Amino acid sequence: MLRVDSIETFYGPIQAIRGVSLDVAPGQIVTVLGANGAGKTTVLRTISGVLDPERGRVVFQGRDIARMAPDKVMQLGICHVPEGRETFPFLTVRENLMMGAYTRRDTAGVASDLELCFGYFPRLRERQHQRAGLLSGGEQQMMAISRALMGRPKLLLLDEPSLGLSPLLVQQIFGIIRRINQEQNVAILLVEQNAHIALRTADYGYVLEVGRVVLADHCKTLMAREDIREFYLGQKEAGARGARRWRKKRLWN
Ligand code: ATP
């Protein structure tokens with residue numbers, strides 16, 4: 001469905017992505033893990049058209065969409081839930097959701113998708129006429145995911161949906177993300193710092209370090225790897241030697 005092929009993306013003179021390739025199959029959940037600054041957000045921005053890659057291709061359903069404008073990418077079926085949610089605080093919850101459907105002309109379909117969102121997140125139905133800025137962090141994340149759903153995506157790009165949420169809310173929101181994937185047959189590319197939940201949710205994972213993919217495998221296999229357990233899952237039984245190596249690596253990078 002999506003093939004990212006050797007992309008290189010810059011912020012002015014700074015190269016953030018150094019030849020990243022990844023695939024997402026229809027209906028699959030794929031995660032991208034990595035430390036702060038590894039380039040995860042930049043990969044999503046390059047796919048959704050917010051940034052243009054200097055080199056490489058982004059092929060979605062057979063079409064090269066690299067360098068396409070974000071609204072065109074969205075119309076093809078890729079909806080991006082950005083880090084920090086980027087909602088409109090002075091608009092109501094309902095108006096925020098409708099912004100996600102602004103390119104659609106099928107009024108009946110939009111109305112039924114609004115109901116779909118309220119079904120997944122009943123809190124949004126209760127708060128639909130309130131200003132979005134008054135919502136809690138968890139409710140804002142629900143609204144940001146729902147706004148993307150209003151674009152009827154084939155592929156959802158989720159950037160750090162767990163950011164700033166309590167462990168209980170993280171569990172709830174990831175439960176809904178799994179339901180959306182299964183019930184709506186929406187493929188998901190998930191960027192997360194919470195490797196525990198990301199590896200339990202996704203089918204396949206890529207590990208990014210300093211703009212490069214250093215590991216790619218099925219999540220079950222990744223979870224069983226000693227280095228992943230040490231560095232990303234922080235599991236003590238993986239050994240103090242590994243932790244020392246990791247601390248040293250962090251100090252030197
Ligand atoms: P985080 O989890 O902290 O968001 P990330 O893995 O998503 O990290 P990116 O935000 O993609 O990483 O950043 C990749 C690199 O690009 C980093 O070195 C970062 O400092 C740099 N970078 C990100 N945004 C900009 C920007 N607007 N201008 C210049 N450099 C940037």
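Whatever order the structure lists them in is the order used to number ligands and atoms, beginning at 1. Values in this document were obtained by computation on a predicted structure and should not be read as measured data. Throughout, residue positions are numbered sequentially from 1 according to the sequence presented.
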Within the 3.5 Å criterion, strictly below it, is a donor on Thr103 or Gln75 matched to an acceptor on the partner's side chain?
no

Have a look at Tyr206 and tell me which of Asp23, Val4, Thr31 forms a side-chain contact (heavy atoms from CB on, under 4.5 Å) with it.
Asp23

In Å, rounded to the nearest 0.5 Å, how long is the span from CD1 of Ile188 to CD1 of Ile29?
4.5 Å

For ligand 1, list the protein residues that place a heavy atom within a distance below 4.0 Å of one of its atoms, sorted by chain and number.
Tyr11, Ala16, Ala35, Asn36, Gly37, Ala38, Gly39, Lys40, Thr41, Thr42, Glu83, Glu160, Gln193

Could you pull out all residues at least two apart from Asn96 that satisfy side-chain hydrogen bond (donor to acceptor under 3.5 Å, both in side chains)?
none

Backbone N or O of Arg57 within a donor-acceptor pair of the Asp64 side chain at under 3.5 Å?
no

Neighbour count above 12 (heavy atom, 6.0 Å) for Tyr11 OH:
yes

